[in-house]
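Below: one structure, written as structure tokens.
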Amino acid sequence: MTEPFTKSSFSSAGTCAEAATASRTFPVHDYDLAATLNSGQTFRWQLREGWWEGVIGLRWVRLRAETDLRTSGKAAENERSVIIAETAEPVNDWRWLADYLQVELNLADILRTFPDDQPMRLAVAACRGLRLVRQDPWECLASFILSSTKRIVQIQQIVARLCEQFGEQVIVPQNHQPVYTFPLSGRIAAAGESELRACKMGFRAPNLRTAAQRIAGGTVDMGRLSALPVGEAREALMRLPGVGRKIADCVLLFAYGFQDAFPVDVWVMKALRRLYFPRRQVTLKRLHKFAATHFGPYAGYAQQYLFHYARVHAKLND
DNA sequence: TACCAGGAGAGCG
DNA sequence: CGCTCTCATGGT
């Protein structure tokens, strides 16, 4: 990577009360920040005054994408731009953010591995710049346990209540409203079921609580799963209550980076049936088999394109 | 009102 | 294996 433009200041916070403490600019190619942060992988990013605000680990951060003026004449398919990040506290090492955003990943190399068929061409064309981010495993697992048969907006609301209720306050810019961390598993494990239900998660409450207890108690070691073969990691996740094939695959893909994990939800199911099996009644199991052989080594990435395409761009209603 | 949402799990034939 | 039902909540 080229040496990025970094600024860390104890400087003139004088006139602007909302001034962030540290900022950094990441050069990127083909990175649609809005689509990426708003495509149902994560549930805490909020667009406010032109910035995407969120919490990664213990840090408040806000992000903004800007087209690189030096190359503004280039074709859209190789768009150069920058992601500007600002934090509320000084930052020495920005690896946590570079890793989360996966800014060093070459998207073109991945898109090249996709099958050269009409559905993928449509999805890629419609969602150019869509990325996968690399999330914290526990936050990802907990969020997706809360996701079942909920719309994305509702998942966001439940997660927000959970953080407000059980998370710790993080440092934010002056005059900014309070922001909270995603609660640790131990904190959720210690919560009562009725406290959890107060966050409007309904029947998912006992599942979240039991999963948190097993993780906080060491029955499941989230850190160890990344070293396992994908099949074994999936089995370990699926032993947790409320975690079936779909949610396990979401965690494998979004948190651990198993690129061949292929979550099939109602949208992906609809897209696959409509685009690849227009007049056949295909079972879920058959679709998994198809996905494992058809979409290549980055099937999970292809899945995200199909999901976003189906949900936002395509009209797949029968 | 009826139906659906980035599902899982139990019960059934 | 495949099908059906239930779970809690809020929005069309």
Side-chain angles (χ1 to χ4, degrees), chain A residues 35-45 123 127 130-133 135 137 139-162 165 191-212 214 220 234-256 258 261-275 277 280-289 291 295 299-318:
Chain A
T36 299
L37 298 181
N38 202 24
S39 59
Q41 318 173 42
T42 110
F43 304 99
R44 296 203 66 197
W45 293 97
C127 311
L130 178 63
R131 302 280 188 135
L132 294 179
V133 297
Q135 304 178 47
E139 175 170 343
C140 185
L141 172 66
S143 298
F144 277 97
I145 286 176
L146 299 176
S147 76
S148 72
T149 49
K150 278 291 176 195
R151 296 211 168 105
I152 288 176
V153 181
Q154 283 185 299
I155 302 165
Q156 291 168 338
Q157 291 169 354
I158 294 169
V159 169
R161 286 192 186 95
L162 190 74
Q165 201 65 227
E193 188 181 318
S194 58
E195 286 183 279
L196 294 174
R197 281 180 183 265
C199 298
K200 306 301 181 184
M201 65 183 71
F203 62 83
R204 303 155 195 82
N207 292 337
L208 178 66
R209 186 161 177 265
T210 303
R214 292 199 197 157
V220 181
R234 179 182 290 121
E235 282 179 23
L237 289 169
M238 288 178 67
R239 274 182 224 122
L240 295 166
V243 182
R245 177 64 190 260
K246 189 267 170 183
I247 289 175
D249 279 345
C250 284
V251 178
L252 293 172
L253 181 62
F254 300 146
Y256 293 103
F258 287 102
F262 194 96
V264 179
D265 75 315
V266 290
W267 288 102
V268 173
M269 174 111 67
K270 203 182 291 185
L272 290 178
R273 282 180 170 160
R274 177 68 174 231
L275 298 172
F277 306 94
R280 252 198 295 165
Q281 198 55 262
V282 196
T283 64
L284 179 62
K285 182 163 185 154
R286 182 78 183 84
L287 288 179
H288 272 122
K289 203 171 219 174
F295 291 104
Y301 237 100
Q303 173 276 156
Q304 194 65 13
Y305 274 80
L306 290 171
F307 173 76
H308 199 249
Y309 174 64
R311 196 172 73 89
V312 178
H313 298 277
K315 296 183 174 62
L316 297 171
N317 301 322
D318 289 356

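Predicted, not measured: the structure shown is a model, and the values here were computed from it.
Here A:L240 lies in heavy-atom contact (under 4.0 Å) with sugar-phosphate atoms only. Heavy atoms of A:V243 sit under 4.0 angstrom from primed sugar atoms or phosphate atoms, though from no base atom. Nucleic acid contact class of A:Q281 (heavy atoms, under 4.0 Å, all strands): none.
What separates CZ of A:R245 from C1' of B:dG9 is a distance of 17 Å, to the nearest Å. Atom CE in A:M269 sits roughly 14 Å away from atom P in B:dG6 (whole-Å rounding). Remark: C1' of B:dG6 and CD of A:Q135 are 13 Å apart, rounded to the nearest angstrom. Rounded to whole angstrom, the span from the CG atom of A:L196 across to the P atom of C:dT9 amounts to 12 Å. One atom, CD1 of A:I158, and another, P of B:dG7, lie 12 Å apart when rounded to the nearest Å. Atom CG of A:L208 and atom P of B:dA8 are 15 Å apart (whole Å). With rounding to whole Å, A:Q156 atom CD is found 17 Å from B:dA5 atom P. Rounding to whole angstrom units, CZ of residue A:F203 and C1' of B:dA5 are separated by 10 Å.
Ring-to-base geometry does not place A:F144 in a stacked arrangement with B:dG6 (centre distance under 5.5 Å, plane angle under 30° required).
Contact between A:M238 and A:G244 at its shortest, heavy atoms only, is CG-O, 3.7 Å. In plain terms, the two heavy atoms of A:F43 and A:S143 that are nearest each other are CD1-CB, 3.7 Å.
Contact check of residues 35-45 of chain A against DNA chain C (heavy atom, cut-off under 4.0 Å) returns no residues at all.
A:Y309 OH to A:L130 CG: the interatomic distance, rounded to the nearest 0.5 Å, is 14.0 Å. A:R245 CZ to A:D249 CG: the interatomic distance, rounded to the nearest 0.5 Å, is 4.5 Å. To the nearest 0.5 Å, the span separating CD on A:Q304 from CZ on A:R131 amounts to 13.0 Å. Between the CZ atom of A:F144 and the CG atom of A:L253 there is a distance of 9.0 Å, given to the nearest 0.5 Å. Going from atom CG of A:L287 over to atom CZ of A:F277 covers 6.0 Å, rounded to the nearest 0.5 Å.
The side chain of A:R151 sits closest to B:dG6 out of B:dG7, B:dG6, C:dT9. Of the listed nucleotides (C:dG10, B:dA8, C:dA8), B:dA8 has the atom at the smallest distance from the side chain of A:I247. The side chain of A:Q304 approaches B:dG6 more closely than any other nucleotide in the set C:dT9, C:dA8, B:dG6. Across C:dT9, B:dG6, C:dA8, the shortest atom-to-atom separation from the side chain of A:R197 is found for C:dA8. Nearest nucleotide to the A:K150 side chain, out of B:dG6, C:dT9, B:dG7: C:dT9.
Along DNA chain B, the nucleotide closest to A:D265 and the one closest to A:M238 are compared, and the more 5′ of them pairs with A:D265.
For the C1' atoms, the distance from C:dG2 to B:dA5 is 23 Å, rounded to whole Å. Distance check on atom C1': C:dC3 versus B:dG6 gives 23 Å, rounded to whole Å.
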Please tabulate, for the side chains in residues 191-207 of chain A, all donor-acceptor contacts under 3.5 angstrom to protein atoms that are two or more places apart in sequence or on a different chain.
| residue | atom | partner | partner atom | Å |
| --- | --- | --- | --- | --- |
| A:E193 | OE2 | A:R197 | NE | 3.0 |
| A:E193 | OE2 | A:R197 | NH2 | 3.2 |
| A:E195 | OE1 | A:G192 | N | 2.8 |
| A:R204 | NE | A:S148 | O | 3.0 |
| A:R204 | NH1 | A:M201 | O | 2.8 |
| A:R204 | NH2 | A:S148 | O | 2.9 |
| A:R204 | NH2 | A:T149 | OG1 | 3.4 |

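At a cut-off of 3.5 angstrom, the base of B:dG6 holds at least one donor-acceptor pair with the side chain of A:Q303.
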